[in-house]
Each structure stands twice: as structure tokens, then as C-alpha cells.
Student: 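Questions regarding the structure given below will be posed in turn.
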Amino acid sequence: MALPDAISRLARFPLAHLPTPLVELRNLSRSLGGPRVMMKRDDMTGLAMGGNKTRKLEFLIADALAQGADTVVTAGAAQSNHCRQTAAAAAVAGLKCELVLGGEEPRSPEGTVLLDALFGARFHWTPAERRGERLEEIAQQAASGGARPYVIPYGGSNPVGACGYVLAMTELIGQLKQNRSGIDAIVIPSSSGGTQAGIVVGAEAGGFHGDIIGIRIDKGEPGAVPYESELAQLASGTAKRLGMTASFRQEDFVVEGGYLGRGYGVVGDLEREAIRLVARTEGILLDPVYTGRAMGALIDMIRRGKFSRDSTVLFWHTGGTPAIFAYAREIL
Ligand SMILES: *Cc1c(COP(=O)(O)O)cnc(C)c1O
């Protein structure tokens, strides 16, 4: 069965405005004296100010509904884009939403926490964790109160959610064909892995042979398996769900881990310069945590001559811009 058929057979709850635009960043490219730079605007998926999690949630919310859930439970950092989009998706689908947020409860909601509250989510603050360590416990509590909870993992990154990025890659390949343009490399921020794993599966299925470079955003848990092997496992599970025979190995993933700065969510010169340069050349907003860092990495790689001047690099904008309002001091 061809991939588009396999995907179209999976239950999908429509949330995103698709296809997202594919644009060329001529001014940025000129100011860097670098390769042609294109951007896939998944900051414009539309739901709740956009972002990459909406594509995953189309499959996750459909699965929750199919299982008869009445509540979704998920987790993230305080300014989590995943939690913001999940809260909005739950509202659209008529589901309750419980968010397990890392950090101390803020005195007044700012940035995305304000939006989560507007969408009617309930908060559980966990000062020491942001990767959903307490998800099962909170889901149990909801169940014992009579709810039918559906747990969405941290970042929506499981084989159900990653299908959203297999479909996204199919969408991009279609746009490139239509424009008669080719790209040599794709650069994406990579954190919980569903985005990069889905893109790699979609590339395999659609015959895309360019480089796919994930920019690592956070170090991950101490003692965890290598990130590339997590990605391989996720990609293999996703391919299986789509009836593909492909299986993936660590070596199938390129992850650049040299841009972690002072840690997750900490804005340094790299992020600040990238956010300002893209705003001032293209009028496009990046976010402080993910796309600011990944674009900083791309700019650095261009300056180091990693891409030849006649090549084309695509930056996948994964969203996150509403968090900018919680980072005013660090960015300006
Ligand atoms: C979650 C997120 C990412 C990372 O995607 P993963 O699938 O978790 O690797 C990148 N950018 C933004 C803005 C995000 O919210």
C-alpha cells in the first residue's frame, strides 16, 4: 500500500491549516552571503498561534476520541508549546485538558500559560520535572475521579503523533515538485523527537535524499539512551504503524548537539542574534527556546562554510513564537 493511502486510512481530527507556506528567505540569505535559504512555515499551522504540535495532535486527538476518552492529560515545561496547542485542540474536540507543567506556579500567568488558562486547561505544577514524570499519576487521579483520561506523552512524540510529520514531509515533497525546486538539506530543532523521526520516515517513503539535520535543543535525561537511538525506535514504530517495512537505525539520524548553550530555555547570544536577524531581514518571528536556537545553529553552520553557496537549505519553522512575550528582557 502506498504511503498516502496508509496515512489517509488513519483517523485524523482536523486542526491545522494545511498546507503551510513554503517561502524563500532572500534577504536573510543575502545578508549571510550564503546558500539559498527556504523556510517551511509550520508556525502558521493556525491553531492557537500555530506550531508543530498541531500536526501531531490531529492524530493524537483522533486516537483519544476513538478510545472514548473525555480528558487528555499531557506535560511540558511552563512555557510549553505542546501544552498550549494540546489545550486548544482539546477545547475544539470537546475534551477536558489536564496539564502537568514543570516549574513553580507563576504569580500571574504570562506567555503561553495565559493561553492555556484561556483554553480552559487545569494545571498541575511540578517544580522539578518537565518531561511528564508525573503523567501517569495525574491520569490515575483523574480516572479515580470518574474521568476517562488519554495520556499524550511529553511533546506528543510517539508513533501516533509522529505520523503528523510523515504527512508533513509528504506535503513538503509535493510543494517542492510543484515549484520545481530542490533542496539539499533540512534543518529542524529537535527535542522530544517526533518531528525529526516523522520527517525521516516521510523522506524514506517519498524518496527525499537530502540531509536532515536535527539541532538538539536540550541535553535529555542523564543516563538516557543516545538520542539517535530514541529517534530510530520512534521512526521504526511510526513506519510500522503506516504498514511500511522500513526499520531505522541510529546511523539514519543526524543530530547536531553542539548548540546547547547554557541549557534548555536559556537565551544566549546565539539565540538573540538569530531572532533579531530574522526579524530585521524577513519580518518573521522565531521563538526563544527552539527555533531561535536552531536558526542560530544554521547561521553558524553557514558562516563556517558547511553549505556551498549554490546549495539550498530549508529551515523548518516549528513555531513557539507566543513564548516570546515571556522573554522580553532576554531578547531585546
Ligand atoms: C516541541 C517543539 C519542537 C521540537 O519538536 P520535537 O518533535 O519535540 O522534537 C521544536 N520547536 C518548537 C517550537 C516546539 O514547540
Side-chain angles (χ1 to χ4, degrees), residues 16 20 39-45 47-57 59-60 74-89 102 111-112 115-116 130-132 152-169 186-202 212-220 227-228 230-235 238 253-257 259-260 264-265 267 271 274-275 278 284-298 315-324 326-327:
T20 56
M39 183 182 269
K40 178 71 170 154
R41 298 286 311 264
D42 275 9
D43 56 323
M44 296 177 74
T45 49
L47 179 76
M49 304 177 89
N52 63 340
K53 303 311 183 299
T54 298
R55 291 189 186 265
K56 303 178 184 179
L57 284 161
F59 291 96
L60 291 161
T74 198
Q79 291 295 325
S80 167
N81 302 303
H82 165 64
C83 290
R84 162 176 53 85
Q85 290 161 82
T86 302
T112 62
L115 305 184
D116 300 341
R130 63 178 175 81
R131 287 177 164 257
I152 297 180
Y154 169 73
S157 285
N158 61 14
V160 179
C163 285
Y165 267 86
V166 181
L167 193 61
M169 190 61 192
I186 296 177
V187 172
I188 36 161
S190 195
S191 173
S192 68
T195 304
Q196 187 170 0
I199 288 174
V200 167
V201 174
I212 297 167
I213 306 169
I215 307 299
R216 196 84 204 271
I217 299 300
D218 47 354
K219 271 209 293 291
Y227 185 55
E228 290 84 348
E230 250 177 70
L231 288 169
Q233 203 185 347
L234 182 51
T238 306
F253 294 87
V254 179
V255 178
E256 182 50 70
Y259 296 98
L260 295 166
Y264 178 82
V267 171
E271 294 82 11
I275 292 170
V278 173
I284 291 175
L285 298 171
L286 300 176
D287 84 286
V289 181
Y290 298 92
T291 54
R293 177 161 293 174
M295 180 60 87
L298 173 58
F315 183 84
W316 207 307
H317 194 325
T318 47
T321 47
I324 240 178
Y327 280 80

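Just so you know, ligand 1 is whichever comes first in the structure, and atom 1 is the first atom listed for that ligand. Residues: numbered from 1 along the sequence shown. For clarity, every value in this text was computed on a predicted model and none was experimentally measured.
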Student: Are any of the N/O atoms on His82, whether in the backbone or the side chain, positioned under 3.5 angstrom from an N/O atom of ligand 1?
Tutor: no
Student: Scan Ile199, Val187, Thr20 and name whichever one has a side chain to side chain contact (heavy atoms under 4.5 Å, CB included) with Trp316.
Tutor: Ile199
Student: For atom 11 (N) of ligand 1, grab the closest protein heavy atom and report residue, atom and distance to one decimal in Å.
Tutor: Thr318 OG1, 2.6 Å
Student: Looking at ligand 1, does any of its N/O atoms fall within less than 3.5 Å of an N/O of Ser190?
Tutor: no
Student: Would you mind reporting whether Lys56 and Ser192 have side-chain heavy atoms less than 4.5 Å apart?
Tutor: yes
Student: For the 3.5 Å polar cut-off, considering only N or O atoms, please tell me whether Asp287 and ligand 1 meet it.
Tutor: no
Student: Would you give the length of the straight line joining atom OG1 of Thr86 to atom CD1 of Ile152, rounded to the nearest 0.5 angstrom?
Tutor: 5.0 Å
Student: I'd like to know whether ligand 1 has Lys53 as a neighbour, heavy-atom separation below 4.0 Å.
Tutor: yes
Student: Exactly one of His317, Lys53, Arg55 should register a side chain to side chain donor-acceptor pair (under 3.5 Å) with Asp42. Which one does?
Tutor: Arg55
Student: Among side-chain atoms of Thr238 and Tyr165, is any donor-acceptor pair under 3.5 angstrom?
Tutor: no
Student: Which of the atoms in ligand 1, numbered in the order shown and given with their element, are less than 4.0 Å from a heavy-atom of Asn81?
Tutor: 13 (C), 14 (C), 15 (O)
Student: What are the atoms of ligand 1, with element, lying closer than 4.0 Å to any heavy atom of Gly194?
Tutor: 7 (O)
Student: For Thr321 and Asp43, which I'm curious about, is there any donor-acceptor pair between the side chains at under 3.5 Å?
Tutor: no
Student: Please report the C-alpha distance between Val255 and Ser190 in whole Å, then the side-chain angles of each, then the deciding distance to 0.1 Å, and finally whether the side chain to side chain contact (heavy atoms under 4.5 Å, CB included) criterion is met.
Tutor: CA-CA 8 Å; Val255 178; Ser190 195; 5.5 Å; no
Student: Based purely on interatomic distance, does Asn52 place a nitrogen or oxygen under 3.5 Å from a nitrogen or oxygen of ligand 1?
Tutor: yes
Student: Flag Lys56 as yes when one of its N or O atoms lies below 3.5 Å from any N or O atom of ligand 1, and as no otherwise.
Tutor: yes
Student: Report yes if some N/O of Gly320 lies less than 3.5 Å from some N/O of ligand 1; otherwise report no.
Tutor: no
Student: What protein heavy atom sits nearest atom 8 (O) of ligand 1, and how far off is it?
Tutor: Ser192 OG, 2.5 Å
Student: Does Thr45 use its side chain to pair, donor to acceptor, with the backbone of Gly51 at less than 3.5 Å?
Tutor: yes
